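Structure record follows, encoded as structure tokens.
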Amino acid sequence: FNTLFMIAVAAVMLFYQKGVQSYEAIEEEAARLKQSELRLEATARELKELNFGLEDMVEKRAVELSESEKRFRHLFSASKDIVFFSGASHELVEMNPAGCEMLQLEPEAIPAMYLKDIFCDQTELAVFNTHLAQQGFLHDYEAKFRKKDETVISVLISATALHDDKGRFAGAESIAKDLTRLKSMMEQLVASEKMASVGQMAAGIAHEINTPAQFIATNIDFLDDAFSDIRSLLTTLEKTLAHKSGDSSQPPWTLVKEALIETDWDYLQQEIPSAISQTREGIRRISAIVGAMKEFSHPSSKDKIYNNIN
């Protein structure tokens with residue numbers, strides 16, 4: 001009986017010890033689980049806060065992008081300049097209303113057009129494309145655009161090349177300012193400045209014109225006197241040929257010779273051609289001065305331009 005009792009006590013003690021160890025292990029595992037649960041809760045709170053932060057950031061970014069797009073669209077639509085987008089093959093993608101109106105184009109026709117359809121000079125288009133391909137941008141490039149009615153306007157273009165994710169050329173965004181009115185105003189300003197400078201040049205021009213005018217007047221007076229002498233000579237010749245000199249004691253040719261001497265015929269036949277030549281030269285010089293002044297005041301272009309006669 002004692003043996004059995006001792007065995008039973010040993011078994012109880014062994015079971016108790018194992019039970020205590022198991023309990024401690026369970027407590028330790030429970031503590032670890034508790035810590036893990038706390039860490040998970042903290043991580044969940046952080047993720048929740050981060051999620052809220054990301055949602056706020058995404059919402060703010062979406063609002064900013066929306067506002068940016070609105071501003072861009074407003075600028076695109078309200079701009080008085082020609083704003084247009086082109087693709088990788090130099091096709092027109094989009095053009096703002098002011099550009100369509102300026103070039104007399106329908107908005108729905110834009111996607112079917114290419115840059116070559118609006119550039120008047122294909123050499124200028126080649127330079128435009130080359131600059132974008134090599135430098136990625138173009139600033140204040142002067143070119144000519146063709147309207148639908150074939151009239152031409154001068155524009156000043158600035159453009160930036162667009163690239164895809166792989167860095168390949170994808171097109172360009174461009175803005176062109178109409179220079180036609182500005183050029184007209186500049187031409188008028190230049191003309192006004194020229195006309196203002198005419199007043200300063202008036203004294204010199206008057207002197208230049210006065211010099212040939214003086215010897216023209218002198219030659220005309222000389223020719224007037226010479227014509228009177230020649231008319232007297234011809235009258236004497238007529239009388240002599242008609243034998244009406246009135247003095248029969250003098251031979252007819254004596255009267256002619258005296259008339260020639262009296263009118264100084266040798267001098268007249270030398271000086272009259274010279275006076276006529278000088279008069280012509282004076283008139284030519286005056287005409288040249290007047291022509292130069294006309295060209296200076298109203299310069300004309302030798303280039304052919306389109307003009308609507310309707």
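All of these numbers come straight from a predicted model, not from anything done at the bench.
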**Residues which pass ring pair (Phe, Tyr, Trp, His ring centres under 6.0 Å) with Phe128, listed by chain and number, not counting sequence neighbours** =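 Here the qualifying residues are Phe119.
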
Look up atom [atom1] in [X] and atom [atom2] in [Y], then write down how far apart they are to the nearest 0.5 Å.
X      : Y      : atom1 : atom2 : result
Ile110 : Phe84  : CD1   : CZ    : 10.5 Å
Lys116 : His90  : NZ    : NE2   : 12.0 Å
Ser36  : Glu41  : OG    : CD    : 11.0 Å
Ile157 : Glu142 : CD1   : CD    : 9.5 Å
Leu125 : Phe145 : CG    : CZ    : 9.0 Å
Met102 : Ile82  : CE    : CD1   : 4.5 Å

**Message:** Is there a side-chain contact between Val93 and Ser86 in this structure, where contact means two heavy atoms from C-beta onward sitting under 4.5 Å apart?
**Reply:**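 Of all side-chain heavy-atom pairs linking Ser86 with Val93, none is under 4.5 Å.
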
Qualifying residues under salt bridge (Lys or Arg N to Asp or Glu O under 4.0 Å), relative to [X], sequence neighbours excluded:
X      : answer
Glu37  : none
Glu46  : none
Lys148 : none
Asp164 : Arg168

**Prompt:** Would Leu162 and Glu173 satisfy side chain to side chain contact (heavy atoms under 4.5 Å, CB included), going step by step from the backbone distance to the final call?
**Reply:** CA-CA 7 Å; Leu162 302 175; Glu173 51 186 12; 4.0 Å; yes

Main-chain N/O of [Y] paired to [X] side chain as donor or acceptor, under 3.5 Å:
X      : Y      : answer
Thr151 : Lys147 : no
Asn96  : Val83  : yes
Tyr141 : Glu124 : yes
Ser79  : Asp81  : yes
Gln278 : Ile276 : no

Could you pull out every donor-acceptor pair under 3.5 Å between side chains of residues 130-138 and any protein atom, sequence neighbours left out?
residue : atom : partner : partner atom : Å
Thr130  : OG1  : Ala126  : O            : 2.7
His131  : ND1  : Val127  : O            : 3.1

Got a sec, which residues hit side chain to side chain donor-acceptor pair (under 3.5 Å) with [X], two or more places apart in sequence or on another chain?
X      : value
Glu101 : none
Glu281 : Arg284
Lys144 : none
Arg45  : none

**Pairing residues for Thr180 by the side-chain contact (heavy atoms from CB on, under 4.5 Å) criterion, not counting sequence neighbours** = Ile153, Asp178

**Message:** Leu105 vs Met113, test: side chain to side chain contact (heavy atoms under 4.5 Å, CB included). Steps then yes/no.
**Reply:** CA-CA 10 Å; Leu105 301 174; Met113 298 178 65; 4.0 Å; yes

**Request:** Mark yes when over 12 heavy atoms from residues, nucleotides or ligands other than His163 sit less than 6.0 Å from its NE2; otherwise mark no.
**Result:** yes

**Asked** How close do His139 and Ser158 get, heavy atom to heavy atom, and via which atoms?
**Response** ND1-OG, 3.6 Å

**Message:** Hydrogens and angles aside, do Ser277 and Arg280 bring a side-chain donor and acceptor to less than 3.5 Å of each other?
**Reply:** no

**Request:** Can you run down the side-chain hydrogen bond (donor to acceptor under 3.5 Å, both in side chains) pairs that involve residues 104-114, sequence neighbours left out, and say none if there aren't any?
**Result:**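 For residues 104-114, and leaving out neighbouring residues, the side-chain hydrogen bond (donor to acceptor under 3.5 Å, both in side chains) pairs sorted by first residue read Gln104-Asp149.
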
